[in-house]
Amino acid sequence: MARLNFEGRWVLITGASAGLGREMAMQLAINYGANLVLIARRGDKLEELKTAILERCSVSVLCIPCDLSDLPAFERQLDAVLDSVPLYAAILNAGMTYFGRHLDMECGILGSMLDLNVKSVVIATNKLVNYFEMHEKEGGLMLVSSMAAQFPTPYQAVYSGTKAFLLNFGLALGQELQNKRFSIMVYLPSGIATDMTSGEKFSKLKGFLMPVTQVAQEGLDAFSRKRKWWIPGVWNRIGARFSWFIPRKLVLKRMARVYQASLLAAEQQKKDI
Ligand SMILES: NC(=O)c1ccc[n+]([C@@H]2O[C@H](COP(=O)([O-])OP(=O)(O)OC[C@H]3O[C@@H](n4cnc5c(N)ncnc54)[C@H](OP(=O)(O)O)[C@@H]3O)[C@@H](O)[C@H]2O)c1
């Protein structure tokens, strides 16, 4: 099967101002020669990234500051992108988490997380799938989920639920596609060392985090190879397979113990200050 070839093609990335999205944008431009549409709320960070990319390679970069949880605004921006550049691929990467006891979470956070992690992805996916199917265009779509989709994650219950939604949504929809030149990949990283995991609450989990460069590199390689889903890190892939043979309640207990310990350590540290 021919690989996706990003060279000279336009690739849209959401959540490109930081973390995994920023790193994938850098690698797509520098290693693959892709033109980029960068989307996130912080326009200044997108412009900084554009400058850093253009200093290193000669591609075209469009920056679109947009809050994806403002769903009508996001739809308008997507329509404008599809009207103005011949899009080849999209990486729906923007996401947020809440780490803490579920009942302590403010309602506003719940709404924002559902809007960003689920609704904005479904809206964008509908538009993009329609675009690629209607025109029988070659290309690809990556949905950035998480291993929290496979391992229900206590103290990140809503996050874990949103990522499980993306896993099933992406895999199921991918099977419906008529255009054989277009593919959907669901990406399932484990913990990554980014702003998302930089807070005190994650301090006891730092040893599990993967470097963002590796996660970006593996994700883009799997995407170009038109994988339906991919987990970065060989031990994560082995662990994910092996976990099916372990009773779920044991996996859940272990997850709860690890995450609770990190949370309690952060709370204790706060009290000590
Ligand atoms: N870090 C991990 O351990 C981990 C593990 C597995 C999966 N993931 C997934 O990987 C993806 C990237 O995570 P990350 O670790 O790179 O997170 P990050 O460092 O916190 O970056 C999140 C990105 O999303 C953007 N974003 C957040 N809210 C937005 C909104 N309302 N509208 C538009 N953009 C928004 C942020 O930009 P602005 O603030 O400028 O808007 C930023 O560019 C997420 O989907 C996450 O769930 C992360």
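Atoms within a ligand are numbered from 1 in the order they appear, just like the ligands themselves. The shown structure was predicted, so the numbers you read here are calculated from the model rather than taken from an experiment.
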> How does Leu68 reach ligand 1, by side chain, by backbone, by both or by neither, if only non-hydrogen atoms under 4.0 Å count?
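Both backbone and side chain.
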
> Answer side chain, backbone, both or neither: which part of Leu116 comes under 4.0 Å from ligand 1, heavy atoms only.
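It is the side chain that gets close, since no backbone atom is under 4.0 Å.
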
> Can you pull out the closest protein heavy atom to atom 17 (O) of ligand 1? Residue, atom name and distance to 0.1 Å, please.
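Ranked first by proximity to atom 17 (O) of ligand 1 is Met196 CB, 3.7 Å.
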
> Heavy atom under 4.0 Å from ligand 1: found in Ser190's side chain, backbone, both, or neither?
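For Ser190, the contact with ligand 1 is made by the backbone alone.
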
> So which heavy atom in the protein is nearest atom 43 (O) of ligand 1, and how far is it from that ligand atom?
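Going by distance alone, atom 43 (O) of ligand 1 is nearest to Ser17 OG, 2.8 Å.
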
> Between Arg22 and ligand 1, which residue portion shows a heavy-atom distance shorter than 4.0 Å: side chain, backbone, both, or neither?
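No part of Arg22 is near ligand 1 at this cut-off.
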
> Which is closest to atom 44 (C) of ligand 1 by heavy-atom distance: Asn93, Leu46, Leu20?
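Ranked by closest heavy atom to atom 44 (C) of ligand 1, first place is Asn93.
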
> Quick test: of every protein heavy atom, which one is nearest to atom 15 (O) of ligand 1, and how far off is it to 0.1 Å?
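Going atom by atom, the protein heavy atom closest to atom 15 (O) of ligand 1 ends up being Thr194 OG1, 2.5 Å.
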
> Under the side-chain contact (heavy atoms from CB on, under 4.5 Å) test against Val212, which residue among Met24, Gln217, Glu23 passes?
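The single option meeting the side-chain contact (heavy atoms from CB on, under 4.5 Å) with Val212 is Glu23.
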
> State whether a side-chain donor-acceptor pair under 3.5 Å links Gln27 with Tyr32.
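Tyr32 and Gln27 do not have a side-chain donor-acceptor pair below 3.5 Å.
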
> Does Ala148 approach ligand 1 within less than 4.0 angstrom via side chain, backbone, both or neither, non-hydrogen atoms only?
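The answer is neither; Ala148 stays 4.0 Å or more away.
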
> Between Ala193 and ligand 1, which residue portion shows a heavy-atom distance shorter than 4.0 Å: side chain, backbone, both, or neither?
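No part of Ala193 comes within reach of ligand 1.
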
